Protein chains: 2
Amino acid sequence: MVRRRQAVTIKHVAADAGVSLQTVSRVINQEPNVRASMRERVQASIDKLGYVPSIAAQRMSGSRSYLILALNDRERTIADWRAREGTDWVDQMLMGGMLECAKHGYRLIFELVDTHSDHVERELQGCIAALQPDGVILTPPHSDNPLITDLLRRQNIPFAQIGSTGEAGGISLIMGDEGAARTATRHLIDLGHQRIGFIKGAAEYKLSDWREAGWKAEMADAGLGFDGLCAAGDFSYRSGVDAAQKLLALRPRPTAIIASSDHMALATVDVARKMGMQVPRDLSVVSFDNTPMTMLTRPALTAIDQPVAATTALAVERIVAAKRGDALPEGPTIVPAGLIVRESTAPPAK
Amino acid sequence: MVRRRQAVTIKHVAADAGVSLQTVSRVINQEPNVRASMRERVQASIDKLGYVPSIAAQRMSGSRSYLILALNDRERTIADWRAREGTDWVDQMLMGGMLECAKHGYRLIFELVDTHSDHVERELQGCIAALQPDGVILTPPHSDNPLITDLLRRQNIPFAQIGSTGEAGGISLIMGDEGAARTATRHLIDLGHQRIGFIKGAAEYKLSDWREAGWKAEMADAGLGFDGLCAAGDFSYRSGVDAAQKLLALRPRPTAIIASSDHMALATVDVARKMGMQVPRDLSVVSFDNTPMTMLTRPALTAIDQPVAATTALAVERIVAAKRGDALPEGPTIVPAGLIVRESTAPPAK
DNA sequence: GTGAAAGCGCTAACAC
DNA sequence: GTGTTAGCGCTTTCAC
C-alpha cells in the first residue's frame, strides 16, 4: 500500500499566498483579525490550488470534526430493511440531515446502535472515540435512554433528542404528535363521524401517549365519548389485526379508526374487508407516518405525515448553532405534521 | 465551546501496560512481532480502559482512515427520496455496506455527488481531501464516469465499480443483469409464452443493454423471434406507459412483457388494464429491481431481485482486501440476481 | 493584525 | 521482539 498524503495542504496555500500557516487557518475558519485584502489573497490561493482542509487534521488539533452522528436503533432498522416494505424513515432522515449538513460544511454519519443492549454505552463510547463527532442526533426509542444521554452530557457533546421533551438536557424536537392526532380526529369529526376508535402504538415510545392524548382531547372538545374505543398495539401489522378485531367487535361499531402506524392501518383495512366491510364506505381509516405504502395500497390511505426530513434538518441546524455558541430556544420545538387526505376516509354510512 | 480531548489515548494504555506506544499500536493493528504474552497484557489494558483508537489520528499518521465512501448520484437519489415511492436502493446499499464494514472495523459514509455536473472532480476531490477514505464504492450511472475513475486512480484509492465491467481499473461487480433477464424470459417461456415483449431501460446505464441482451439470447435459444418486440424506456413510469402502449398495439399482441424497472412494470399493468386486459390472465408482467412497490401493488409483481445489499457488501469486502494487499480476482464478479414469482405471471390465455 | 512554536494521537522507519 | 524518533496537517497559545 502506497502511503497517501494530502495533495494540497495548508502549507502549500501559505507558501503560495506568502503568508503564515496561521493566517490561512484564520481564513478557513472565518475568524476575525484578518485584513480584507489579506483574506482575499489567501482565498485566491485556496481556490487556485483547490485546497480542502483535512477533517482528520482539524479534529486532531482539537477543533471541530465537522461530523454529525445520526443514531438509530440497530435491531429495528435492520428489520425494516430486511422486510423491504418501503419504510423510508431512514431515507427521509438522510435527506433532511445530509442536505442541511452540506449547507454548513458538515457531514452526516449514519450509525446503528443496539439500544436494548447493556453495552450501549460501550458501543457509543467507541463510536464517539473513533469519530469524535461534533454532535449527535438521537431518534426514538433511544432519545430518552439515560445511558446514552448521560454519556453525551459527560462528554459535552451537543445532542438532539427527536421525539423527546428533552429533560435529559438535549435539544428537544417533537413531530407534533398530539396536534397531529387532533387533526386526524378533527378530520373524521368534520366528515360526520362520532364513534372514532384509536389504535395505540408501542408503550416504549412516548409519542404513543401523545397521539392518544391528542385523540382524546379532540374527542372531548367535540363532546364525544371515547371510553373503550382505544386498543393497544405496537406499530406492527400483527398487533394491528388484534386491535382492529377488538374495535370492530364493539357495538355500536366505530365508523372510523385512527391507527398509530401505517402497518396497523393496513391491518385495519384488511380486517374490515374480511368482515365484509368496505373502506371507506363502511369504515374510515386514518394512518400515521405516511410511509410509501400508504400511497401504494388500495384504497390509498389518508395519513398523518411525519415530518422526518424537516425535523432532522432542524436537529442539524440546532447542533451547528450550538457549536457556534448561539443561544438556543428553550423547551421543545414542535415541527408540525400534516394530514394527507387520500381515499380511506369518507362520511359515515347513514 | 470546551475543548474536547480524547478520553483514553494510546499513551494511557501504554502506561497502564508498561510498554511503549509502538507496542500498543502493533497490538491494535494486529501486526506481527509481538509476543503472545505481551499482546495479552496490552489487550487487557485496552479492555480495562475502554480504549478506542481515534480514526483522525490514525489517518493523520498516514495509515488507514477506516472510512469507505459510498457514492450515489445526487439528483436521482434526492428525486427518489422526495417521490416517496418506496425505492429502497439506498437502504439496501446501507444494509449491505454498513454491516460488512462493521465486520472489518470500517465505517461506511454515504455521500451524494452531482454526476452530470462538470465539477464532479472538484466535488469528489473535496470529499476525498476532507475524509481521506480508504476506498470508494461507485454506483451507476457514475461507475464509468472517467472524471471520477481517473481521479481515484491518480490518488491511488481502491474503488469498486458496481454495474461496470471495470475497464477503468476498479473492482468490477455486476448484478447478473444478463442472466437475470434470461431467467425472467425462461420463466415466461416455461409458462408457455412465445411472444414476449421487452421494455428497455435508460441508455445511460450499461445494464440496460445487458438486460436486453439476456432477453434476446434466451429468446433465440428457444427459437423464438424478438424483432419489433423491444420498446425503449428510461426506467420511469411515464416512459413505461409509452413503451407498453407501443408493445400492446402490436398484432399479434405479446402475451407477456418484461419491464426493466418496477415503475415501467407498474405502468404496463395500468396500460393493460385501461385496454381492458387483466394481469396475469391476458398479460403476464415481469418486473426488474424488486423494490417494495412490487409486493405492495395488486397484483403483486413477479420480479427480478437486484442483489443490492449483497453486491455492496462484496464491494466493501474487496476494498478491505485490497487495502490489506490481498490478491483480487481478475475480471468482473457477477452477483446472481433472483426471480421472485408473485401474482403477475401465468400461462397465456388459450 | 500577523507570525512562531508547541502539540493533538497515532504510525512509519529505524535502532537496539 | 520492543523501544525511540520524527513527523502527518492543523489549531492553539502566545509573542510581536
Side-chain angles (χ1 to χ4, degrees), chain A residues 1-42 46 49 51-67 105 126 128-132 134 323, chain B residues 1-42 46 49 51-67 105 126 128-132 134 323:
Chain A
M1 214 45 238
V2 183
R3 186 188 167 104
R4 190 155 37 81
R5 284 226 194 67
Q6 190 87 338
V8 180
T9 73
I10 197 170
K11 279 188 195 162
H12 299 101
V13 177
D16 184 82
V19 297
S20 73
L21 300 184
Q22 193 40 39
T23 303
V24 179
S25 174
R26 288 193 179 105
V27 172
I28 298 167
N29 296 291
Q30 318 197 45
E31 280 168 31
N33 297 345
V34 186
R35 222 183 310 244
S37 61
M38 170 114 307
R39 186 180 296 280
E40 274 172 37
R41 179 145 59 102
V42 173
I46 290 177
L49 301 175
Y51 166 72
V52 180
S54 149
I55 66 161
Q58 292 187 122
R59 173 67 257 174
M60 277 300 296
S61 39
S63 88
R64 267 147 274 148
S65 67
Y66 295 102
L67 259 27
I128 289 173
L131 259 18
Q132 309 263 65
D134 285 341
K323 282 306 273 191
Chain B
M1 216 44 239
V2 183
R3 185 189 166 103
R4 192 156 36 81
R5 282 226 194 68
Q6 189 87 338
V8 180
T9 72
I10 196 170
K11 279 188 193 162
H12 298 101
V13 177
D16 185 83
V19 298
S20 73
L21 299 184
Q22 192 46 36
T23 303
V24 180
S25 174
R26 288 193 179 106
V27 172
I28 298 166
N29 296 292
Q30 318 198 44
E31 280 169 32
N33 297 346
V34 186
R35 221 183 311 244
S37 62
M38 172 112 307
R39 186 181 297 278
E40 275 172 36
R41 180 145 60 102
V42 172
I46 289 177
L49 302 175
Y51 166 73
V52 180
S54 149
I55 65 161
Q58 292 187 120
R59 172 68 256 175
M60 278 300 297
S61 42
S63 87
R64 267 146 272 149
S65 67
Y66 296 101
L67 259 28
I128 289 173
L131 294 168
Q132 309 264 66
D134 286 341
K323 284 304 274 191

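Proteins get letters first, then strands, A, B, ... in listed order; numbering begins at 1 in each. Please read these numbers as outputs of a predicted model, since none were measured by experiment.
The side chain of A:Lys11 sits closest to D:dC8 out of D:dC8, C:dG9, D:dT11. If you check D:dT11, C:dT2, D:dC10 against the side chain of A:Asn29, the one that comes closest is D:dT11. The nucleotide whose nearest atom lies closest to any side-chain atom of B:Arg35 is, among C:dT11, D:dG1, C:dC10, D:dG1. Comparing D:dT11, C:dC10, C:dG3 by their closest approach to the side chain of A:Ser20 singles out C:dG3. For A:Ser61, taking side-chain heavy atoms from C-beta onward, the closest of the listed nucleotides D:dT2, C:dC10, C:dG7 is C:dG7.
Pairing each heavy atom of A:Asp134 with each of A:Lys323, the nearest pair is O-CD, 3.5 Å.
Under the 4.5 Å side-chain criterion, counting only non-hydrogen atoms from C-beta, A:Asn33 is not in contact with A:Met38.
The residue B:Pro53 sits close only to the backbone: its heavy atoms come under 4.0 Å of sugar-phosphate atoms, none of a base.
We find that CZ of B:Arg26 is positioned 7 Å from C1' of D:dG1, with the value rounded to whole Å. Separating the CD atom of B:Gln22 from the P atom of D:dG7 is a distance of 16 Å, rounded to the nearest angstrom. Between the CD atom of A:Gln132 and the P atom of D:dC10 there is a distance of 17 Å, rounded to whole Å. Between A:Met60 atom CE and C:dA6 atom C1' there is a gap of 13 Å when expressed in whole angstrom units. Atom pair B:Ile10:CD1 and C:dC8:P shows a separation of 14 Å (rounding to whole Å applied).
Phosphate proximity of D:dC10 to A:Gln58: absent, as no side-chain N or O sits under 4.0 Å from OP1 or OP2.
Side chain A:Arg39 to base C:dG1: no donor-acceptor pair is found below 3.5 Å.
Residues B:Ala36 and B:Ala57 each lie close to DNA chain D; by heavy-atom proximity, the contact nearer the 5' end of the strand is made by B:Ala36.
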